[in-house]
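Report on the following structure.
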Amino acid sequence: CDPTTSTSTSTSTSTSTSSPAATPTPTPAAAPARTFVHLAIYVNGVARRIPAGIGVGPPRTTASTDAGPYVSGSCLYWLNTRTYDGVIRVQPPSEASLTLGTFFDVWGQQLSATQVGPASGTVTVLVNGSQYSGDPRAVPLSSHAVIQLSVGTNVPFQHYVFPAGE
């Protein structure tokens, strides 16, 4: 992994970023404790899948599991997705406060009050079922937060239950 770029798994391009989450953590051994956040994105009422492999450095491998594909790689960024379930693994090397904007930087996608990735329109942000009225980029990635972004048509909050161990 190159610590000066964030890798987008949805395209073959890299995006320059100064975000600390763009610094990869070593895959093996003594990594700090992970926390988990769930992200759901809806565009005009239709769910969009969060790609597996965001923040996973090449070369990547995909293993088939009962729960679906699981992506591994040579290194991991502080924020990464390993599966298609919308779960973001948060693992900074210190007590760094990471935000949804940081995750979108690692992903290489836009996030603002009027844009989520390529989709544009009014963005409604729900965090644990409550409307978040600030900048979507500033939403903290706190342990077990359930974040829902709706672009255009607002979708009622969809609860998520984290699997045991997450």
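For the side chain to side chain donor-acceptor pair (under 3.5 Å) test, residues two or more places apart in sequence or in another chain that qualify with Tyr70 are Arg82. Every residue two or more places apart in sequence or in another chain was checked for a side chain to side chain donor-acceptor pair (under 3.5 Å) with Arg48, and none qualifies. Checked against side chain to side chain donor-acceptor pair (under 3.5 Å), Thr83 has the following partners two or more places apart in sequence or in another chain: Asp85.
Aromatic ring pairs are classed by plane angle as parallel below 30°, tilted from 30° to 60° and perpendicular above 60°; the pair Phe162 and His144 is perpendicular.
Between His159 and Phe157, the ring center distance clears the sub-6.0 Å criterion.
Partner Val56 forms a side-chain contact (heavy atoms from CB on, under 4.5 Å) with one of Val71, Thr62, Thr61 and no other, that one being Val71.
Cluster annotation: Leu126 and Phe103 are assigned to distinct hydrophobic clusters (Ile/Leu/Val/Met/Phe/Trp/Tyr, side-chain heavy-atom contacts under 4.5 Å, transitive).
Considering CG of Asp105 and CG of Leu79, their distance stands at 9.5 Å, rounded to 0.5 Å. In this structure, CD1 in Ile147 is found 7.0 Å from OG in Ser142, a value given to the nearest 0.5 Å. For the atom pair CD1 (Ile50) and CG (Leu149), the distance works out to 8.0 Å, reported to the nearest 0.5 Å. Interatomic distance, Phe104 CZ to Leu39 CG, rounded to the nearest 0.5 Å: 5.5 Å. Remark: Gln91 CD to Leu98 CG distance equals 11.0 Å, nearest 0.5 Å.
For the pair Val87/Tyr160, a side-chain contact is recorded, criterion being any heavy-atom separation below 4.5 Å from C-beta on. In this structure, Thr99 and Arg137 have side chains that are not in contact, with every pair of non-hydrogen atoms separated by 4.5 Å or more. At a threshold of 4.5 Å between non-hydrogen side-chain atoms, the residues Trp107 and Thr81 do not count as touching.
The minimum heavy-atom distance between Gln109 and Pro118, with the atom names listed, is OE1-CD, 3.6 Å. Heavy atoms only, all atoms of each residue included: Ser112 and Pro136 are closest at O-CG, 3.6 Å.
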